[in-house]
Amino acid sequence: MSLKAKALYTFQSENAEEISIQENEELVIFDENSVDGWLRGENSRGERGLFPASYVEIIRPRSNSNLTDCSLSPAGSPAKEHFYYSPTTNTTFYDDDDDDWDDWDDSSTVVEDEDPRRAVGANGHAHQSPNPNVHYRAKPHMERQDSISSSRKGSMVGRNLNRFSSFVRSGVEAFVLGDVPMMAKIAEAYSIEMGSQGPQWKESPQPFSCSIEDPTKQTKFKGIKTYISYRVTPSHTGRPVYRRYKHFDWLYNRLLHKFTVISVPHLPEKQATGRFEEDFIEKRKRRLILWMDHMTSHPVLSQYEGFEHFLMCGDDKQWKLGKRRAEKDELVGAHFMLTLHIPNEHQDLQDVEERVDTFKAFAKKMDDSVMQLTHVASELVRKHLGGFRKEFQRLGHAFQSISQAFMLDPPHTSDALNAAISHTGRTYENIGEMFAEQPKYDLFHMLDKLSLYQGLLSNFPDIIHLQKGAFAKVKESQRMSDEGKMDQDEADGIRKRCRTVGFALQAEMSHFHRRREVDFKEMMQAYLRQQIAFYQRVGQQLERTLHMWQYQSSRMSSIDTPTRPQPQ
């Protein structure tokens with residue numbers, strides 16, 4: 001049954017399934033039962049979609065002395081609505097004090113409220129819960145409404161109640177609005193400095209690299225459980241440690257949990273079957289190497305304490321202690337923003353917004369181009385393994401058939417000619433096998449690099465959304481300040497914190513561009529070198545076959561030439 005309602009506050013839609021509503025606007029609600037704090041209805045412009053239940057009041061008709069009156073009642077259930085960034089339980093792991101750290105299940109390291117690969121959030125993953133040890137100021141249910149409609153002092157910028165928004169889930173909204181309390185001690189610090197192309201992360205004082213080698217099949221529980229172990233050796237220690245894929249997966253989830261405004265590279269995909277096949281193990285190793293190269297080259301990710309623990313700890317007991325310490329890290333999500341030190345240089349927010357919009361268009365175009373190249377390269381691999389191989393083998397077999405036909409009439413057969421034709425057939429069969437083997441030297445490596453960048457690029461829309469949300473809060477706070485509904489000091493604080501988000505995003509953009517130039521230059525040069533070497537080997541095969549023909553021709557000429565009688 002449809003009900004009439006009135007909008008208490010203005011709400012700006014951010015997703016396709018939402019609609020915008022204006023304060024005092026008349027609405028139609030299709031069902032008064034809210035779903036996760038959202039109602040479905042229609043605004044005065046005829047647009048249909050979702051909007052926050054707490055932003056509207058339902059107009060309920062009632063009869064009194066044969067006269068129809070109307071009363072207003074809040075939509076949804078106030079006791080179940082959450083409008084502010086508030087603590088919840090921390091992330092739960094399948095691991096207790098008595099468990100062996102090596103006994104996690106490969107397929108599920110972390111238990112989240114939602115599947116992190118489906119939920120929307122920064123880096124393409126669900127927002128992780130803030131640390132329960134950090135105290136947040138409690139806010140009564142109606143404080144937002146009272147603060148907006150009453151006095152000027154204590155006025156607040158409206159919160160975005162869209163629980164699907166990465167701006168809210170990441171905690172960046174809470175940071176920008178000043179709802180993230182300062183901590184007594186911040187042990188970490190990550191600096192942003194001004195470079196020739198704009199803000200950039202300050203380089204790590206001790207850069208290093210890391211090798212991943214020797215994937216080895218291991219068993220435990222008397223052969224009941226089987227897994228692959230990789231030897232991981234950081235260059236600055238030279239001491240190898242041995243890690244399974246699930247340990248990489250644990251580290252990856254810690255990175256997503258902590259670094260809200262950084263594009264964390266995706267791990268190689270999991271596979272339910274065929275995990276111990278040689279081709280899959282080799283492919284995963286190649287992609288883990290690329291993942292590790294990106295990690296060690298990032299000035300912020302490479303300095304993360306949890307990453308250092310992953311690379312250096314070889315003792316089971318110490319691993320468990322370090323693992324728990326990383327899981328209790330308080331400087332995650334919104335609190336990570338407190339660790340950033342930004343330059344003093346002034347940046348006009350309009351210029352920053354234009355720069356972000358330019359990068360957004362670039363990232364979209366690059367993402368489309370990477371997907372196109374991935375499709376073309378994958379199709380070429382398929383042809384190498386199938387079509388090209390079969391065509392050259394068919395040609396070789398056809399030459400072999402000619403040779404066999406020439407042998408059927410012995411009086412007129414030529415052994416030299418037949419041998420040359422047969423050898424030519426075998427040459428083309430070998431070339432077919434060469435085509436089938438070639439992708440492992442060039443196209444596979446290209447596809448590995450493209451897969452890495454597909455993951456990096458897929459993170460940026462959510463990260464850019466954080467900056468867009470911060471811009472919107474700055475504009476809203478300034479408008480409220482101009483209207484006398486907010487102190488200018490509070491508006492200035494929002495602008496200052498938005499600068500932090502902006503500098504972090506620009507630093508990440510700058511790092512992406514620098515790595516992109518290095519990676520694609522290396523990828524293209526390696527591909528061309530392998531292609532040149534491949535076709536040189538094909539040419540050498542053909543040249544050797546041609547030399548055989550020339551040799552056989554000279555032999556046949558000497559046989560066919562009659563011998564002159566010697567003079568007496």
Side-chain angles (χ1 to χ4, degrees), residues 109-110 116 122-125 188 190-191 200-213 215 230-270 283-314 319 322-323 326-327 329 331-332 336 339 445 448-460 463 504 507-520 522-523:
T109 303
V110 183
N123 274 322
H125 290 264
E188 299 177 44
Y190 303 98
S191 297
Q200 62 186 32
W201 298 113
K202 184 177 181 181
E203 292 297 332
S204 172
Q206 295 180 329
F208 65 95
S209 60
C210 185
S211 65
I212 298 179
E213 301 169 306
Y230 299 87
R231 187 174 74 240
V232 179
T233 309
S235 62
H236 57 316
T237 67
R239 294 191 300 270
V241 294
Y242 295 88
R243 297 290 180 256
R244 296 168 56 180
Y245 179 85
K246 65 182 178 184
H247 302 139
F248 286 91
D249 195 44
W250 171 83
L251 173 62
Y252 175 62
N253 280 282
R254 289 294 92 205
L255 296 168
L256 293 182
H257 187 67
K258 184 175 181 69
F259 299 105
T260 304
V261 293
I262 291 178
S263 180
V264 179
H266 293 190
L267 278 176
E269 66 278 4
K270 296 181 180 180
K283 176 183 176 182
R284 173 174 279 183
K285 187 189 83 166
R286 294 195 313 266
R287 297 194 173 188
L288 284 175
I289 290 172
L290 288 179
W291 186 86
M292 184 62 72
D293 287 344
H294 187 92
M295 287 290 300
T296 57
S297 70
H298 197 288
V300 176
L301 300 181
S302 63
Q303 297 184 66
Y304 171 44
E305 182 181 0
F307 184 43
E308 293 180 357
H309 178 67
F310 172 88
L311 293 177
M312 299 180 188
C313 183
W319 168 268
K323 174 178 174 288
E327 290 161 8
D329 185 5
L331 296 172
V332 300
F336 166 69
T339 69
H445 294 278
D448 294 338
K449 190 67 66 74
L450 294 175
S451 176
L452 175 73
Y453 272 85
Q454 277 185 294
L456 291 171
L457 288 164
S458 70
N459 294 333
F460 275 109
I463 297 175
E508 188 62 14
M509 289 158 45
S510 177
H511 176 76
F512 178 84
H513 280 306
R514 290 203 305 271
R515 286 301 310 175
R516 170 182 60 85
E517 292 182 5
V518 172
D519 287 340
F520 275 77
E522 180 185 78
M523 181 187 79

Roughly how far apart are [X] [atom1] and [Y] [atom2], rounded to 0.5 Å?
X      : Y      : atom1 : atom2 : result
Glu508 : Ile262 : CD    : CD1   : 5.5 Å
Asn253 : Glu327 : CG    : CD    : 10.0 Å
Arg514 : Gln200 : CZ    : CD    : 5.0 Å
Met292 : Leu267 : CE    : CG    : 9.5 Å

Salt bridge (Lys or Arg N to Asp or Glu O under 4.0 Å) between Glu188 and Lys258, intermediate numbers included: CA-CA 12 Å; Glu188 299 177 44; Lys258 184 175 181 69; 3.1 Å; yes

Kindly determine whether Tyr242 and Tyr230 satisfy ring pair (Phe, Tyr, Trp, His ring centres under 6.0 Å), including the steps that lead there. CA-CA 5 Å; Tyr242 295 88; Tyr230 299 87; over 10 Å; no

Taking the side chain from [X] and the backbone from [Y], do they hold a donor-acceptor pair closer than 3.5 Å?
X      : Y      : value
Ser451 : Asp448 : no
Thr296 : Ser209 : no
Trp319 : Gly314 : no
Arg243 : Phe310 : yes
Ser263 : Leu456 : yes

Using the rule given for side-chain contact (heavy atoms from CB on, under 4.5 Å), can you reason through Phe512 versus Leu457, listing the C-alpha separation, both sets of side-chain angles and the distance that settles it, and then say yes or no? CA-CA 9 Å; Phe512 178 84; Leu457 288 164; 3.5 Å; yes

Where does the angle between the aromatic ring planes of His298 and Trp201 fall among parallel (under 30°), tilted (30 to 60°) and perpendicular (over 60°)?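 Geometry flag for Trp201 against His298: tilted rings.
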
Between Asn459 and His266, is any side-chain donor less than 3.5 angstrom from a side-chain acceptor?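 Yes, a side-chain donor-acceptor pair sits under 3.5 Å.
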
Mark yes when over 12 heavy atoms from residues, nucleotides or ligands other than Arg239 sit less than 6.0 Å from its CZ; otherwise mark no. no

Compare all side-chain heavy atoms of [X] with those of [Y] and state whether any distance is below 4.5 angstrom.
X      : Y      : result
Ile212 : Trp291 : no
Leu288 : Pro268 : yes
Lys449 : Asp519 : yes

Less than 6.0 angstrom from the centroid, inside 45 degrees of the normal: does Arg284 satisfy that with respect to the ring of Tyr245? yes

Verify side-chain contact (heavy atoms from CB on, under 4.5 Å) between Phe336 and Asp329, making sure each step is shown before the conclusion. CA-CA 10 Å; Phe336 166 69; Asp329 185 5; over 6 Å; no

Strictly below 4.0 Å, N to O, side chains only: are Glu269 and Arg287 in salt-bridge contact?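 Between Arg287 and Glu269 there is a salt bridge, with a charged N closer than 4.0 Å to a carboxylate O.
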
Using the rule given for side chain to side chain donor-acceptor pair (under 3.5 Å), can you reason through Arg244 versus His247, listing the C-alpha separation, both sets of side-chain angles and the distance that settles it, and then say yes or no? CA-CA 5 Å; Arg244 296 168 56 180; His247 302 139; 5.4 Å; no

Residues Phe248, Val232; criterion side-chain contact (heavy atoms from CB on, under 4.5 Å); working and verdict: CA-CA 11 Å; Phe248 286 91; Val232 179; 4.1 Å; yes

Which pairs count as side-chain hydrogen bond (donor to acceptor under 3.5 Å, both in side chains) when at least one residue sits in residues 301-310, sequence neighbours excluded? Glu305-Arg325

